[in-house]
Visitor: 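The structure follows.
Every chain is numbered from 1 and lettered A, B, ... according to where its sequence line falls, protein lines coming before strand lines.
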Amino acid sequence: MVDFAVSDEQEELRRSVRRFLADKSPSSEVRRLMATDEGYDPAVWTQMAEQLGLPGLAIPEELGGSGYTYVELAVVFEEAGAALLCSPLFATVGLAANALLSSDDDAAMKEYLPQIAAGELTATLAFTEDSGDWSAADTSTTATPAGDGWTLDGHKSFVVDGATAGLILVIANAPDGLSLFAVDRDAAGVERAALPTMDQTRKQARLTFAGTPARLIGTAGAGAGILARTSSLGCAALAAEATGGAQRCMDMAVDYAKARIQFGRPIGSFQAIKHKCSDMLVEVESARSAAYFAASEAADNSPDLATAASLAKAYCTDAFFHTAAENIQVHGGIGFTWEHDAHLYFKRAKSSQLMLGDPASHREFIAQQIGI
Amino acid sequence: MNIVVCVKQVPDTWAEKKLSDSDKTVDREGVEGVMNELDEYAVEEALRIKEASGGEVTVLTMGPEKAVETIRKALSMGADQAVHLVDSGLHGSDALTTSYALAKALETIPHDLVILGVESTDARMSVIPAMLAERTGAAQLTFARKVEVGDGTVKIERQTDTGYDVVEAATPAIVSVVEKINEPRYPSFKGIMAAKKKPLTTLTLGDAGIESEKVGLAGSGSSVAEFSARPPKQAGQVVKDEGDGGSKLAEFLASQKLV
């Protein structure tokens, strides 16, 4: 039986991270940072790494991390999602660090992971192209052997934090098939163009490579396997993040329903509002169960990780989107204003639904896995 | 330099605080307890001194069993060990008796320096640091916004209404800190896990040599005779603007002697 009750220590971690984010990522900071090109505060990132040890939480100790599991990391992602934290955390830890850990490339892990854990290096994974296909099945970026290394030609789209990441891990077609490559921040022939995003709290970029020198990570042809595992781990992280966001939307709605008086009584006493709030609670609770199920499957290195992660990704981001939409309804007119935070959560929920594959594609994958 | 940090568990800063009907003391059961915010600055300052010049940091708290949560928080920030003075006989102690109990507990811990926050958010008396200095005979360095530790000496900048005073004393000394002094660190998961393995000593009245008739509700010199809830907010006065709204507002402000 899977036991994913949160321990006292994990609860303390949650309190510590929540307090940190309340101090460092209040709504005013989220709004300030989402209007900047970088989209995050490097000082906060450094403190997250040096003091709280968050980027390295699930990176093994011999690679500079703290050596804890994906369940602790899920607690962090849940709180980050609740605060709409603008940060390279998802791209660096949820995608790039997981890709490196999945690559079995000892030299690359020893070089990059300690820097990531220390907060010195941000990173991302570039695997989607203009079609928006998250499976990389239609990859047109090519990798050509050149001397000791490789060169990359082509482009990548919707790259999370692609404009700022210090290390770009790229999925490209080598003669042996899809493979993973590392491109440094200052590599020749890389062009980075920021993409306008509906969810301004998470930046995306389009990257173009022209004869760009790159380093093969893992073995040639291993890219599809690395990507599949990384995508599952990224989905588990997104699911936890969405759970935090959904919880915050519900809290906002319930607080407002208790405080807003209409016709001489709190609007929460009206059935139409009550039903919305109780439906939100059912979704948030189910989402949390799904998210921590996926996180514990990741922690246990379970063969069922892919199914659990798809399940959590589909359910949690749908739950987030629905609670974010209902939160606006419960707030009424004020929920539609720019000044109210409801729309920030709504937009994050939408982008989380689509990122790493929409809920329908994940449900289809689950159906295939269980043979229906 | 060995440092003792006194910390107190208080009801959550933002929660509604209540007194219990039975004995008119603060209700600590019904609300979530947190470490008194100013004490976090005290822990941080102690850790910084330790990191710069060595020594050990011991956390001392007096409070019910639940207060062990606050001890754990201080240990997860990086303190080395803790002493918990816990005894039902201490319940209801006022500031004067608390300072007596803490002074007795301090005798059991070898130290050069005691650091604490200037006040707690529940009682807000701000007298414990001074009382402790008086009872232990240590130098009193209160309202510190900066602390410098020398060889057997401590120099602080004491925050005043108009600026600051520089005050220096030989150890042992009692230092109380204001929130301007630093930014308390946030515990990492590593720190949280390490805190579980750190030594925690529990002291009863007898262990600390505290005379039971001098502490607790009965031993306290002051007591709460009566309390009542704050009256509900009254509806405000509505001024209808019929071209003279401005002067009506000015009249109101003048009647309240605000302009």
Side-chain angles (χ1 to χ4, degrees), chain A residues 6-26 43-61 64-80 83 85 93 117-119 251 255 259 261 264 295 299, chain B residues 7 9-16 31-41 43-45 47-48 50-51 59 65-79 82 121 179-198 200 232-233 235-236:
Chain A
V6 180
S7 70
D8 286 351
E9 289 75 27
Q10 287 161 349
E11 215 33 64
E12 272 184 67
L13 170 68
R14 181 189 299 286
R15 273 199 292 275
S16 185
V17 174
R18 183 174 294 179
R19 173 88 182 272
F20 175 74
L21 295 179
D23 292 346
K24 304 291 174 180
S25 179
V44 171
W45 175 247
T46 302
Q47 195 177 2
M48 276 169 71
E50 289 181 356
Q51 203 173 88
L52 288 115
L54 302 185
L57 197 56
I59 292 175
E61 277 181 299
S66 317
Y68 296 107
T69 77
Y70 222 72
V71 178
E72 283 79 34
L73 201 55
V75 170
V76 175
F77 274 112
E78 190 185 340
E79 291 306 315
L85 173 67
V93 178
D251 292 344
D255 285 348
I261 309 288
Chain B
V7 299
Q9 187 177 46
V10 296
D12 186 359
T13 321
W14 305 110
E16 196 186 345
V31 286
E32 198 181 337
V34 297
M35 188 196 293
N36 177 44
E37 205 175 323
L38 277 157
D39 297 344
E40 292 182 18
Y41 296 82
V43 174
E44 176 65 33
E45 198 57 27
L47 294 173
R48 288 186 188 191
K50 175 197 153 170
E51 281 157 8
V59 179
E65 269 165 32
K66 201 173 157 223
V68 76
E69 296 163 2
T70 284
I71 288 180
R72 211 178 296 125
K73 164 97 189 253
L75 292 175
S76 66
M77 287 172 77
T121 53
E179 61 186 34
K180 207 174 264 181
I181 196 163
N182 57 39
E183 187 199 2
R185 64 195 64 187
Y186 301 86
S188 68
F189 195 59
K190 225 175 187 167
I192 291 166
M193 296 304 280
K196 291 203 301 184
K197 300 191 185 80
K198 290 179 177 172
L200 166 62
K233 211 167 131 187

Visitor: Side chain from CB out, backbone as N, CA, C, O: work out which of these in A:Tyr68 comes under 4.5 Å of a heavy atom of chain B, or both, or neither.
Guide: side chain
Visitor: Can you tell me which portion of A:Glu9 sits under 4.5 Å from chain B's heavy atoms? Options are side chain, backbone, both or neither.
Guide: both
Visitor: Mind checking the CD1-CZ spacing from B:Ile192 to A:Arg14? Nearest 0.5 Å is all I need.
Guide: 11.5 Å
Visitor: Write down the atom of A:Ser16, the atom of B:Pro187, and the distance for their closest heavy-atom approach.
Guide: OG-O, 2.6 Å
Visitor: Side chains of B:Phe189 and A:Glu12, heavy atoms from C-beta outward: is any pair under 4.5 Å?
Guide: no
Visitor: Kindly give the heavy-atom pair with the smallest separation between A:Leu52 and B:Ser188, and that separation in Å.
Guide: O-CB, 3.3 Å
Visitor: Using a 3.5 Å distance criterion without hydrogens, assess whether the side chain of A:Gln51 forms a donor-acceptor pair with backbone atoms of B:Arg185.
Guide: no
Visitor: Hey, what do you get for NZ (B:Lys190) to CG (A:Leu57), rounding to the nearest 0.5 Å?
Guide: 10.0 Å
Visitor: Give the C-alpha distance, both sets of side-chain angles, the deciding distance and a yes or no for salt bridge (charged side-chain N to carboxylate O under 4.0 Å, His left out) between A:Arg15 and B:Glu69.
Guide: CA-CA 12 Å; A:Arg15 273 199 292 275; B:Glu69 296 163 2; over 6 Å; no
Visitor: Any heavy-atom pair between the side chains of B:Glu183 and A:Gln47 that's under 4.5 Å?
Guide: yes
Visitor: Got a sec: does the NZ of B:Lys66 have more than 12 other heavy atoms crowding it under 6.0 Å?
Guide: yes
Visitor: What is the distance from atom CZ of A:Arg19 to atom CD of B:Glu40, rounded to the nearest 0.5 Å?
Guide: 4.0 Å
Visitor: Which atoms of A:Glu61 come close to chain B, meaning under 4.5 Å heavy atom to heavy atom: side chain ones, backbone ones, both, or neither?
Guide: side chain
